[in-house]
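These notes concern the structure reproduced below.
Atom set for the values below is all heavy atoms of this structure, side chains included, hydrogens, waters and symmetry mates excluded.
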Protein chains: 2
Amino acid sequence: MASQRGEGETTTTPLEPADRERARAIPEAAVARLAVYLRVLSGMADQGVTAVSSEELSQAAGVNAAKLRKDLSYIGSYGTRGVGYDVEVLVSHIERILGLTRNHSVAVVGIGNLGHALANYGGFPGRGFPVTALFDVDADLVGIPVGGIPVNHIDEITAVCREREVSIGVIATPPPAAQSVCDRLVSAGVQCILNFAPVVLQVPDNVEVRKVDLAVEMQILSFHVARRADEAVHNSSGGVSVGNNGLGVDGMVIRP
Amino acid sequence: MASQRGEGETTTTPLEPADRERARAIPEAAVARLAVYLRVLSGMADQGVTAVSSEELSQAAGVNAAKLRKDLSYIGSYGTRGVGYDVEVLVSHIERILGLTRNHSVAVVGIGNLGHALANYGGFPGRGFPVTALFDVDADLVGIPVGGIPVNHIDEITAVCREREVSIGVIATPPPAAQSVCDRLVSAGVQCILNFAPVVLQVPDNVEVRKVDLAVEMQILSFHVARRADEAVHNSSGGVSVGNNGLGVDGMVIRP
DNA sequence: CCGACTTTGTGCATGCGTTCACAAGCGGTA
DNA sequence: TACCGCTTGTGAACGCATGCACAAAGTCGG
């Protein structure tokens, strides 16, 4: 489902006409990479670079040049053949596609070690994600400002989230509380959740969940350590060549 | 390269004979899910559950039942047809494949907000990953214990990592320092890195990097917010059906 | 001891994402 | 203006992962 292209729209759309159709066609993996490109491009812009080729950008982002061009083609044709891409133009178009033109109010739930760290990030990396609300069950924390924002009690979550138009909820609670918090966020109208708790959240279909799971990350690394160790034992030759292709957005390129 | 299957080994191997061959064949995405299954199974074991079917486990892990069975088949046939899986057995086999039978010493570099949070996790989620070393550039922090471990100066990184046999390095520094820290970790013999800095690290092929990028996660969520908002504007019908398939290990299932 | 039911394990088809390779297009130059 | 070299954009092939559907295999009840 969802793979049919809606055609025949002739109304004057408030947001670009053909972009919507493109947006729904962008593979999730490509979206993740676009965010990386955006950061690299922003860095280049800060250094005064105005133009870049797909080869240069792909090197900096740690991906294949062809893949980069395909990723960029998902959002349109904004390059100049024979020349490359204008950094500013690319930045603005990626920002538009990623929806970074509007601000996304963020609420952090669970003000423990991690919650503190998140709250203190201060405007979150890559501006546009202001933390506007903090919540915790601990009554002793309520009212105390963390990173400039006072902590609210978790029971106020619905009212506060609605009032401050929170669009992204970050769950940094202990595992047992995560599902309950998630449910409350959802019923408060939050449709995007970033979950740091090592729990598989159950949510309705209209809610988007991204998961950051330290234990899983560590265990994946552990797997590779073990595999490598075994290979080392069984292969008399010491040749190492791994190549971290596969899923994920990690880049890994030999420096020039 | 690396896709040939080494056969003809008849020596008594310290680690199971046919498992190595299996291990290198497990898709990366499946490895990530195995870690999730392991957590779910551990939780079940704690609650006294001794047996589980693929259907139950897949529900709890938020994945398709067929996919779960296929994932488990990568590590061998440890189920009983007509019955299901023995929880203990499955746990021990997944742990073995993921290399969790040995401890993996972890070093955290960059003792800021995030570094503090990581150090205080205390033995890291899912035991087996003891934090044994902390590093920072700030001389004022050196010697002060965080989460029970004294902070070392970053210049000692090579000596300390070698001495404590650190196998996983966690980078929680500001972006500009990340590549430098990474280089030092690599030259200290660390082959696995978990990177929290919003930087694309350049490493040699024999080093495995996993990335946790908050900005990217937020921007992916932002993308979905924007897409959804556009759809809401253009679709008069209010039907919502997203389905978070694609990359990643996130689960999303309607609760029973 | 046998039959019926249940659940695993997996061959196969489908779909998605990555990669290749090249035509199209643009700027610079004579 | 016409040519030449360079880089983009993309059609098509490839490969991997997912999901389906069923045979294999084991248990339980009679």
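Computed from coordinates, the L68(B) CG to dT18(D) P distance equals 12 Å when rounded to whole Å. With rounding to whole Å, E28(A) atom CD is found 13 Å from dC16(C) atom C1'. When the P atom of dC16(D) is taken as reference, atom CZ of R33(B) falls 15 Å away, rounded to whole Å. Following rounding to the nearest Å, L72(B) (CG) and dT7(C) (C1') show an atom-to-atom distance of 13 Å. Separating the NZ atom of K67(A) from the C1' atom of dT7(D) is a distance of 20 Å, rounded to the nearest angstrom. One can place CD1 of I26(A) at 14 Å from C1' of dG17(C), the figure rounded to the nearest angstrom.
Closest approach to the A66(B) side chain among dG9(C), dC20(D), dT18(C) is made by dC20(D) (side chain taken as heavy atoms from C-beta onward). Here dT19(C) is the nucleotide among dT19(C), dC22(C), dT8(C) with the atom lying nearest to any side-chain atom of N64(A). For P27(B), the side-chain atoms get nearest to dA17(D) when compared with the rest of dA17(D), dT8(D), dC20(C).
Residues forming a salt bridge (charged side-chain N to carboxylate O under 4.0 Å, His left out) with E217(A) (at least two apart in sequence, or on another chain): R210(B).
Residue R69(B) has no polar side-chain atom (N or O) positioned under 4.0 Å from OP1 or OP2 of dC20(D).
Judged by distance alone, the side chain of N64(A) and the main-chain N or O of L68(A) form no donor-acceptor pair under 3.5 Å. Between the side chain of R228(A) and the main chain of N206(B), a donor-acceptor pair closer than 3.5 Å is present. Under a 3.5 Å cut-off, the side chain of E56(A) and the backbone N or O of S53(A) do form a donor-acceptor pair. Side-chain atoms of H93(B) never come within 3.5 Å of backbone atoms of L72(B) as a donor-acceptor pair (strictly under, hydrogens ignored). Proximity of a side-chain donor or acceptor of Q202(B) to a complementary backbone N or O of Q179(B) within less than 3.5 Å is not detected.
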### Task
Apply the test side-chain contact (heavy atoms from CB on, under 4.5 Å) to residues S222(A) and F129(B): give CA-CA distance (whole Å), side-chain angles for both, the deciding distance (0.1 Å), then the verdict.
CA-CA 9 Å; S222(A) 169; F129(B) 298 96; 3.9 Å; yes
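For the residue pair R96(A) and T101(A), no side-chain donor N or O sits within less than 3.5 Å of a side-chain acceptor on the partner. One side chain, H224(B) or E28(A), offers a donor N or O that lies under 3.5 Å from an acceptor on the other.
Heavy-atom distances to DNA chain C give each of D71(A) and E55(B) a nearest nucleotide, and the one nearer the 5′ end belongs to E55(B).
Sorted by residue number, the members of residues 80-87 of chain A with any non-hydrogen atom under 4.0 Å from DNA chain D read T80(A), R81(A), G82(A), V83(A), G84(A), Y85(A).
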Polar pairs (N or O, both sides) under 3.5 Å between protein and nucleotides 11-13 of chain C?
from    : atom 1 : to     : atom 2 : distance (Å)
dG11(C) : O6     : K70(B) : NZ     : 3.4
dC12(C) : N4     : K70(B) : NZ     : 3.4

